[in-house]
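Here the structure is laid out as structure tokens; the discussion comes afterwards.
Owing to the predicted nature of the structure, the values given are computational and were not obtained by experimental measurement.
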Amino acid sequence: VLRSPLSGAEVVARESSALPPPPPPKRSLGSAGLALGELRSAFIAFARIAGESQTACSSADSSAQMEASALALRFDVAIASLEELRLLVPFPCGNDIHEFVGAVAAPYCIPCLSPGIVDCEPLYGLFSQMRAGRHWACGSMMSDAQRHLRLLAATCIAQAAGASDVGLASGEEEGELAMKRLLLPPDLIAPAAWVDASGNLNYAVLRYMLLGLLQELTTSPGSTPDELAGRTVMLDKCEVVLLLRYLEEA
């Protein structure tokens, strides 16, 4: 899952270092990330080619559906884990969420000005599930021991994914520094319709959006995410899909 975004991030880093002025934000950010749908398709294809799935192509439809469901669940867990480690950062981009390497996403994120996200709020659980979007439930408040453990886990994954800066580091301190440069800093959060200016979840706005979606579905059952996004105005299609999935499982 991490290899493609990493390769895109390294290309952007090389281009940025070769030219004095940085590239335009939209071009540099867009070229270094991948849509969630693309990542999911690549993940499922790789799992099948690698023989991780034991289901034969000639199996029954029910078995094929179970295989696809299991692979989709594994992908969700992988994306959520990479977001929690701050290796990947989700950005709502129109029709789909795009995932970017933390270092590339950092200039476009919001500083967390207040101390952490309040996890006692019931709506906090919407983003704490193991799937894309977990980033918004991972507050910056944690102990030094927790930070160190996450850094070690992120380092192992980045090395396996072929991160050149991390793999070529000569010493432990140099490798740790290279790894920190790759991650999203702990005091930043990706912008979204449900994030306020202080870098926390805006629960009042989130309630308003969820109630608005429920009202639209009550008055117009069977509405598509495109139609709901057009009526709510303030949400992209991918944000509507994300919130609908949470409502479905609530």
Side-chain angles (χ1 to χ4, degrees), residues 1-17 22-23 25-36 38-39 42-43 75-93 96-113 116-117 127-128 130-142 144 146-169 173-192 195 199-201 238 242:
V1 172
L2 187 60
R3 281 190 182 120
S4 295
L6 267 179
S7 62
E10 289 172 354
V11 168
V12 170
R14 288 195 298 269
E15 291 176 350
S16 299
S17 60
K26 288 185 179 179
R27 185 177 65 193
S28 62
L29 187 61
S31 62
L34 286 177
L36 202 61
E38 296 177 22
L39 285 172
F43 175 85
F75 173 78
D76 286 343
V77 172
I79 284 291
S81 300
L82 290 171
E83 288 185 3
E84 186 168 353
L85 293 174
R86 306 184 83 78
L87 276 165
L88 290 184
V89 183
F91 275 73
C93 299
D96 203 355
I97 290 177
H98 284 61
E99 297 281 350
F100 299 89
V101 173
V104 176
Y108 306 89
C109 290
I110 301 173
C112 297
L113 303 179
I117 299 175
F127 298 103
S128 62
M130 293 301 291
R131 64 170 68 97
R134 184 173 173 82
H135 163 81
W136 288 294
C138 297
S140 59
M141 299 297 290
M142 64 179 69
D144 291 339
Q146 288 175 317
R147 290 184 189 277
H148 183 64
L149 274 176
R150 290 191 180 187
L151 182 62
L152 290 177
T155 301
C156 291
I157 295 172
Q159 288 176 340
S164 58
D165 290 344
V166 178
L168 296 176
E173 292 185 2
E174 185 179 341
E176 183 174 333
L177 183 60
M179 193 63 226
K180 287 181 178 179
R181 286 198 299 263
L182 186 64
L183 300 176
L184 180 73
D187 58 343
L188 295 178
I189 190 170
V195 176
N200 286 323
L201 291 178
C238 63
L242 188 69

Review point. Could you state the interatomic distance from CG (Leu242) to CG (Leu36), rounded to the nearest 0.5 Å?
Key: 9.5 Å
Point to revise | From Arg86 atom CZ to Cys138 atom SG, the distance as rounded to the nearest 0.5 Å | key: 7.5 Å
Check your understanding: In Å, rounded to the nearest 0.5 Å, how long is the span from CD of Glu84 to CZ of Arg150?
Key -> 4.5 Å
Practice item. Would you please name every residue forming a salt bridge (charged side-chain N to carboxylate O under 4.0 Å, His left out) with Asp96, sequence neighbours left out? Key: none
**Study point:** Closest non-hydrogen atom pair between Pro186 and Arg147, with its separation
**Key:** CB-NH1, 2.9 Å
Check your understanding: What pairs with Pro191 under side-chain contact (heavy atoms from CB on, under 4.5 Å), at least two apart in sequence or on another chain?
Key -> Phe91, Ile110
Revision key, fill the gap. d(Ile157 CD1, Leu85 CG) to nearest 0.5 Å is 5.0 Å
Study note, to complete from the structure: Smallest heavy-atom separation, Gly199 atom then Ile189 atom, equals O-CG2, 3.5 Å
Point to revise | Partners meeting side-chain contact (heavy atoms from CB on, under 4.5 Å) with Ala106 (sequence neighbours left out) | key: Leu184, Pro185, Leu188
Exercise for review: Kindly indicate whether the side chain of Glu99, heavy atoms from C-beta on, has any atom under 4.5 Å from the side chain of Leu34.
Suggested key: no
Practice item. Return the minimal non-hydrogen interatomic distance between His135 and Pro90, and the atom names on each side. Key: CB-CD, 3.4 Å
Review point. If you look at every heavy atom in Val89 and Gly102, which pair is closest and at what distance?
Key: CG2-CA, 3.8 Å
Check your understanding: How about Ile79 and Phe75: do any of their side-chain heavy atoms sit closer than 4.5 Å?
Key -> yes
Review point. For Gly133, does its backbone N or O pair with a side-chain atom of Glu83 as donor and acceptor, under 3.5 Å?
Key: yes
Practice item. Determine the minimum heavy-atom distance between Arg131 and Ala80, stating which atoms define it. Key: N-CB, 3.2 Å
Revision key, fill the gap. Closest non-hydrogen atoms of Val195 and Ala190, given as atom of the first, atom of the second and distance, are CG2-O, 3.7 Å
**Study point:** Test side-chain contact (heavy atoms from CB on, under 4.5 Å) applied to Leu151 - qualifying residues, sequence neighbours left out
**Key:** Thr155, Glu176, Met179, Lys180, Leu183
